[in-house]
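Shown next, in structure tokens, is the structure this report addresses.
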Amino acid sequence: MVKKVTLITDGSCLGNPGPGGWAAILRFGPQTKELSGGEPETTNNRMEMMAVIEGLRVLKEPCEIAIEIDSEYVKNGVTQWMDGWKKRGWMTAAKKPVKNQDLWQKIDAALAGHTVQWTWVKGHAEHADNNRCDELAREAANAIRAVRF
């Protein structure tokens, strides 16, 4: 039987670019796992993408995953644009290199074997898990900023 997992993600950046943080919450039945991390010089979009990558990375077997995300960029990138980018050799319809190609390829690889449903949620609203991810991502970004000189 395939496990059903919910993955909630968010990214944060203090400046764009600047120190950034990502966070993911995984729910499987009564179990909850929180993950977070960051980078010293990044963008908000890259942190949104890293949250998905790191959340998927901990899954050790194919799962049915409900991804709840407040980034239309990531959701649309995977559900609407990625197939075209891959067919064009990671070029946009305008024949320009896809931004953040390295992370799109990691997301693509991390999704392999899973059945995924993407749901956009409004950020900074009444979604407790998204708000928790936002808090964790901001904490990670602030921790990265605190060690910069």
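In the hydrophobic clustering of ILVMFWY residues, with side-chain heavy atoms under 4.5 Å counting as a link, Ile25 and Ile53 come out apart. Linking ILVMFWY side-chain heavy atoms closer than 4.5 Å, directly or via other members, places Met47 and Val121 in two distinct hydrophobic clusters. Two different hydrophobic clusters hold Leu35 and Leu136 under the rule that ILVMFWY side chains link at heavy-atom gaps under 4.5 Å. Residues Ile8 and Val74 do not share a hydrophobic cluster, clusters being chains of Ile/Leu/Val/Met/Phe/Trp/Tyr side chains in contact below 4.5 Å. Hydrophobic clustering places Met49 together with Val58 (ILVMFWY residues linked when any side-chain heavy atoms are closer than 4.5 Å, directly or through intermediates).
Taken from CG in Asn130 to CD in Glu68, the straight-line distance is 9.0 Å, to the nearest 0.5 Å. Separating the NZ atom in Lys3 from the CD atom in Glu61 is a distance of 4.0 Å, to the nearest 0.5 Å. Atom CE of Met91 is separated from atom NZ of Lys96 by 10.0 Å, given to the nearest 0.5 angstrom. Separation of atoms CG (Asn16) and OG1 (Thr43) is listed at 5.5 Å; rounding is to 0.5 Å. Remark: Thr119 OG1 to Ile69 CD1 distance equals 10.5 Å, nearest 0.5 Å. Within the model, atoms CD1 of Ile144 and CG of Leu14 stand 10.0 Å from one another, a figure rounded to the nearest 0.5 Å.
Considering all non-hydrogen atoms of both residues, Pro62 and Gly113 come closest at CB-O, 3.1 Å. The two residues Ala141 and Gly20 have their closest heavy-atom pair at CB-C, 3.6 Å. The minimum heavy-atom distance between Gly21 and Ala140, with the atom names listed, is CA-CB, 4.0 Å. Contact detail for Ala24 and Gly55: the closest heavy-atom pair is CB-CA, 4.0 Å.
Inspection of the His114 and Glu64 side chains reveals no N or O donor paired with an N or O acceptor under 3.5 Å.
Side-chain contact between Cys63 and Val5 is present, with heavy atoms from C-beta onward closer than 4.5 Å. Annotation: side chain of Trp22 is not in contact with side chain of Glu39 (no heavy-atom distance under 4.5 Å).
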Quiz item: Stepwise, does the side chain to side chain donor-acceptor pair (under 3.5 Å) test hold for Arg138 with Ser12?
Solution: CA-CA 6 Å; Arg138 280 186 289 110; Ser12 179; 5.5 Å; no
Practice problem: Could you please spell out the steps behind the side chain to side chain contact (heavy atoms under 4.5 Å, CB included) verdict for Met82 and Trp90? | Solution: CA-CA 8 Å; Met82 192 181 308; Trp90 292 98; 3.8 Å; yes
Exercise. Let me see the working for Asp70 and Lys75 under salt bridge (Lys or Arg N to Asp or Glu O under 4.0 Å), right down to the final yes or no.
Key: CA-CA 8 Å; Asp70 67 2; Lys75 179 185 176 287; over 6 Å; no
Practice problem: Walk me through it: do Leu59 and Leu26 pass the test side chain to side chain contact (heavy atoms under 4.5 Å, CB included)? | Solution: CA-CA 9 Å; Leu59 301 174; Leu26 290 113; 3.8 Å; yes
Practice problem: List the steps, then state whether side chain to side chain contact (heavy atoms under 4.5 Å, CB included) holds for Asp129 with Arg27. | Solution: CA-CA 10 Å; Asp129 284 336; Arg27 295 197 182 280; 2.6 Å; yes
Practice problem: Show the numbers, then the answer: is there a side chain to side chain contact (heavy atoms under 4.5 Å, CB included) between Cys133 and Thr9? | Solution: CA-CA 6 Å; Cys133 276; Thr9 65; 5.5 Å; no
Self-check item: Test log, rule side chain to side chain donor-acceptor pair (under 3.5 Å), inputs Glu72 and Asn76
Solution: CA-CA 6 Å; Glu72 291 183 87; Asn76 292 342; 4.5 Å; no
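The aromatic ring centres of Trp120 and Tyr73 sit 6.0 Å or more apart.
Seen from the ring of Phe28, Lys4 does not count as a face-on cation partner, given the 6.0 Å and 45° thresholds.
Ion pair Lys86/Asp108 flagged as a salt bridge, since at least one NZ, NE, NH1 or NH2 atom sits closer than 4.0 Å to an Asp/Glu carboxylate oxygen.
A donor-acceptor pair is defined here as one N or O able to donate and one able to accept, closer than 3.5 Å; no such pair exists between the side chain of Trp104 and the backbone of Val78. A distance-only check finds no donor-acceptor pair linking the side chain of Asp134 to the backbone of Asp10 [under 3.5 Å].
Within 6.0 Å of the CD atom in Gln101, the count of heavy atoms belonging to other residues, nucleotides or ligands exceeds 12.
The side-chain hydrogen bond (donor to acceptor under 3.5 Å, both in side chains) pairs that include a residue from residues 44-57 are Arg46-Asn100, Arg46-Asp102, Glu54-Arg57, where partners are two or more places apart or lie in different chains.
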